Structure formats: C-alpha cells, structure tokens
Amino acid sequence: DVYSLSDQSSVIPGSLGLLPSASLAGAPSVPTPDFKPTRGLYEPIHGSAPDIAGQGIANPIGMILSVAMMFDLSFGKPEWADKIRQAVAHTLDAGLRTADIWQAGMQKVSTREMGDAVVAALAA
C-alpha cells in the first residue's frame with residue numbers, strides 16, 4: 001500500500017480528524033504590522049470524508065482548526081484564532097472525544113456534540 005504524507009502524519013495527533021489544512025494563493029505574511037491577507041481554501045486535511053457523511057462520527061476539530069488558520073492567514077486576526085484553538089484545547093482537556101480518538105475513560109461524543117462543546121467553550 002502507498003500511504004500519503006497526511007496519513008502518515010496523522011499518527012502524531014492520533015487521527016486525520018484533528019488536522020487543519022490550507023491551500024494558499026501565496027506565502028502568508030503571518031499577522032505582523034504589515035499584514036497582507038492571503039487567499040486560501042481551508043478544510044480539514046481529510047476533506048469532506050464522504051464515506052462517513054451523515055453518521056455523526058466525523059471529527060469536526062480539523063475543520064474548526066482550519067477556521068483558526070483562516071483567521072490567522074486570511075483575516076489577520078490572531079487573537080480570534082487563538083481563542084478558537086484554546087476552545088478546542090479546553091474541550092479536549094474536558095475529556096470529550098469523537099469515535100476516531102476515543103479511549104477508555106473519555107466521553108465519546110458525536111460530531112454535533114463535539115462542535116457544540118467547542119462553541120460553548122468559545123462562548124465562555
């Protein structure tokens with residue numbers, strides 16, 4: 001079998017569902033005083049995961065973190081990106097896990113429940 005780099009790199013965090021991705025139209029000028037927005041397409045590294053669509057088992061964190069990248073690279077709002085990343089970290093620290101990263105002692109949640117938990121952490 002041939003494995004893609006993204007498949008191999010998913011071993012580090014434990015799942016492709018956790019990895020954000022961006023296809024950028026140019027080199028980003030990460031938020032600096034002379035910030036210039038970078039156009040891009042942001043998505044989780046696994047794409048739309050059509051094989052599990054509608055089952056409530058997809059991990060939304062890769063998409064949520066892709067939005068954080070968008071705030072950093074296209075909108076120049078690193079403070080908003082940081083809040084999103086902190087909300088994700090808070091949710092994971094609370095022990096919530098989708099099926100792809102679930103382990104004993106953690107609370108298994110659906111796609112919607114994980115997304116709702118991140119939104120609640122963001123609003124707190």
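Along the sequence shown, residues carry numbers from 1. Since the model is a prediction, treat every value here as computed from it, not as a measurement.
Across all their heavy atoms, A58 and T111 have their closest contact at O-OG1, 2.6 Å. Between G115 and P60, the shortest heavy-atom distance links the atoms N-CG, 3.9 Å. The two residues M114 and L92 come nearest to each other via the heavy atoms CE-CD2, 4.4 Å.
Clustering ILVMFWY residues whenever any of their side-chain heavy atoms sit less than 4.5 angstrom apart, transitively, puts V119 in a cluster other than the one holding W80. With hydrophobic clusters built from ILVMFWY side chains whose heavy atoms lie under 4.5 angstrom apart, I101 does not share a cluster with I52. One hydrophobic cluster holds both L122 and F75 under the rule that ILVMFWY side chains link at heavy-atom gaps under 4.5 Å.
Between the side chains of Y42 and S23, no donor N or O sits under 3.5 Å from an acceptor N or O.
No donor-acceptor pair closer than 3.5 Å links the side chain of R39 to the backbone N or O of L24.
The NE2 atom of H90 sits 9.0 Å away from the CG atom of L96 when rounded to the nearest 0.5 Å. Here E79 contributes atom CD and F71 contributes atom CZ; the two are 9.5 Å apart, rounded to the nearest 0.5 Å. From N59, atom CG reaches atom OG1 of T98 across 3.0 Å, with rounding to the nearest 0.5 Å.
For R85 and D72, the salt-bridge test passes: some basic side-chain N is under 4.0 Å from an acidic carboxylate O.
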Using a 3.5 Å cut-off and no angle test, enumerate the donor-acceptor pairs between side-chain atoms of residues 61-70 and protein atoms at least two apart in sequence or in another chain.
from	atom 1	to	atom 2	distance (Å)
S66	OG	S21	N	3.2
S66	OG	E43	O	2.8
S66	OG	G62	O	2.8

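Residues passing the side-chain hydrogen bond (donor to acceptor under 3.5 Å, both in side chains) test with T91: none are found, sequence neighbours excluded. Applying the salt bridge (charged side-chain N to carboxylate O under 4.0 Å, His left out) test to D116 and every residue at least two apart in sequence or in another chain returns nothing.
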